[in-house]
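In what follows, a structure is listed as structure tokens, so that the remarks can point back to it.
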Number of protein chains: 2
Amino acid sequence: MSRQKELIYNLITSTMSHPTADWVYRNARRKMPRISLGTVYRNLNTLVQEGRILAIANSRGPVRYDANITRHSHLKCIGCGLMLDVPETDIDFVPRSPKTRQFEVLEYRVEFLCLCPDCRAKNGSKKQTFQGGQNANPK
Amino acid sequence: MSRQKELIYNLITSTMSHPTADWVYRNARRKMPRISLGTVYRNLNTLVQEGRILAIANSRGPVRYDANITRHSHLKCIGCGLMLDVPETDIDFVPRSPKTRQFEVLEYRVEFLCLCPDCRAKNGSKKQTFQGGQNANPK
DNA sequence: GTTTGTGCAAAAGCTTTGCACGTTT
DNA sequence: AAACGTGCAAAGCTTTTGCACAAAC
């Protein structure tokens, strides 16, 4: 594990904000000013392959990373993109379907689409498509 | 609804393969050779905003679209990317989580990560990261 | 004739990669 | 010196956008 990789891994474990590669890059440069974006991406990919972090896709914007590799689900605000972890133990059900029995299901993840208190206050009942926002691009 | 938009919408409803923008473009050109990729993207985005189709993100590769806008979940093969719909009525559970109660949960979607029969045969028990594959890029 | 959408091409955003060099063993 | 990872820059892929023109109302 190179110094760069260790720094990248530590940065991801230090936050619960599901950061982007760019966030990791910007924060890594504070401690290691000459680190390159390519190195960040390369190490993020190997960390994912090694199963040490998770990659989370969004239909809009960059991939986010998550150091929480315990089985868990996500609560996602469709207003601002805020994403919270929901531990498997906090979900009191096991989803199962006839179809899943024909396959070898390894794992399930639930995505709870919601409005966080802030967005509920701002937008009232107005439903809107997720377009990114403050928490969507952590500084 | 322009002729282009109607064609694009019809193409998406015609398949269960959760196609990409590029697939829609290639198939649209068969009927309308001068349609542009920009038009395809513009119309896909407006169809999503209108709630007539869904956009599905993947951590690798382009966004896929889904004309099934009933509440449903997905069964996703981590070997080849094959994605099947699982209707809400096929899932037997009652979701309830302490954390979700603080928020206004509008909807939930379950992602079942699995190995399809083909990939199970090919790869045996060898776990692998999703890297795309045949069904990942519908022709 | 005004509004709206299109085709085209350029640009933007995100990610990967080739290469020469530096590190580690 | 062999194996590996890095910084840099270029390239790649996906998506968006500015603009002049066409279509629809």
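Here is how names work: the chains are called A, B, and so on, in the same order as the sequence lines, proteins then strands, and each is numbered from 1. Every heavy atom of this structure was used, including side-chain atoms; hydrogens, water molecules and symmetry mates were not.
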>> Going by side chain to side chain donor-acceptor pair (under 3.5 Å), name the residues that satisfy it together with B/Tyr25, two or more places apart in sequence or in a different chain.
In response: B/Arg29
> Of all residues at least two apart in sequence or in a different chain, which pass the salt bridge (charged side-chain N to carboxylate O under 4.0 Å, His left out) check with A/Arg109?
Replying inline: A/Glu107
> Listed in order of residue number, which residues of residues 3-13 of chain B have a non-hydrogen atom at under 4.0 Å from DNA chain D?
Replying inline: none
>> Considering only residues two or more places apart or on different chains, which pairs with a residue in residues 29-51 of chain A satisfy ring pair (Phe, Tyr, Trp, His ring centres under 6.0 Å)?
In response: none
> Which residues satisfy the salt bridge (charged side-chain N to carboxylate O under 4.0 Å, His left out) test with A/Arg52, sequence neighbours excluded?
Replying inline: A/Glu50
> Under 4.0 Å between a side-chain N or O of B/Arg60 and OP1 or OP2 of D/dC13?
Replying inline: no
> A/Asp66: what forms a side chain to side chain donor-acceptor pair (under 3.5 Å) with it, not counting sequence neighbours?
Replying inline: A/His18, A/His72, A/His74
> B/Met1 has an atom CE; how far is it from atom C1' of C/dT6, in whole Å?
Replying inline: 16 Å
>> If we count only N and O atoms by modelled type, under 3.5 Å, do the side chains of B/Thr70 and B/Asn68 hold a donor and an acceptor together?
In response: yes
> Once you round it to whole Å, what is the distance between C1' of C/dC14 and CZ of A/Arg26?
Replying inline: 14 Å
> Heavy-atom contacts under 4.0 Å between residues 31-46 of chain A and DNA chain D, which residues?
Replying inline: A/Arg34, A/Ile35, A/Ser36, A/Thr39, A/Arg42, A/Asn43
> To the nearest Å, how far apart are A/Asn58 CG and C/dT15 P?
Replying inline: 11 Å
> For D/dT6, does either OP1 or OP2 sit under 4.0 Å from a side-chain N or O belonging to A/Ser2?
Replying inline: yes
> A/Tyr25 OH to D/dT6 P: how many Å, rounded?
Replying inline: 14 Å
Sequence neighbours left out, cut at 3.5 Å: what donor-acceptor pairs do the side chains of residues 8-16 of chain B make with other protein atoms?
from, atom 1, to, atom 2, distance (Å)
B/Asn10, ND2, B/Glu6, O, 3.4
B/Thr13, OG1, B/Tyr9, O, 3.3
B/Thr13, OG1, B/Asn10, O, 2.9
B/Ser14, OG, B/Leu11, O, 2.6
B/Thr15, OG1, B/Ser17, N, 3.0
B/Thr15, OG1, B/Ser17, OG, 2.9

> Linking Ile, Leu, Val, Met, Phe, Trp and Tyr by side-chain heavy atoms under 4.5 Å, what else ends up with A/Ile69?
Replying inline: A/Leu54
> Starting at OH of B/Tyr65 and ending at P of D/dT14, how long is that distance when rounded to a whole Å?
Replying inline: 12 Å
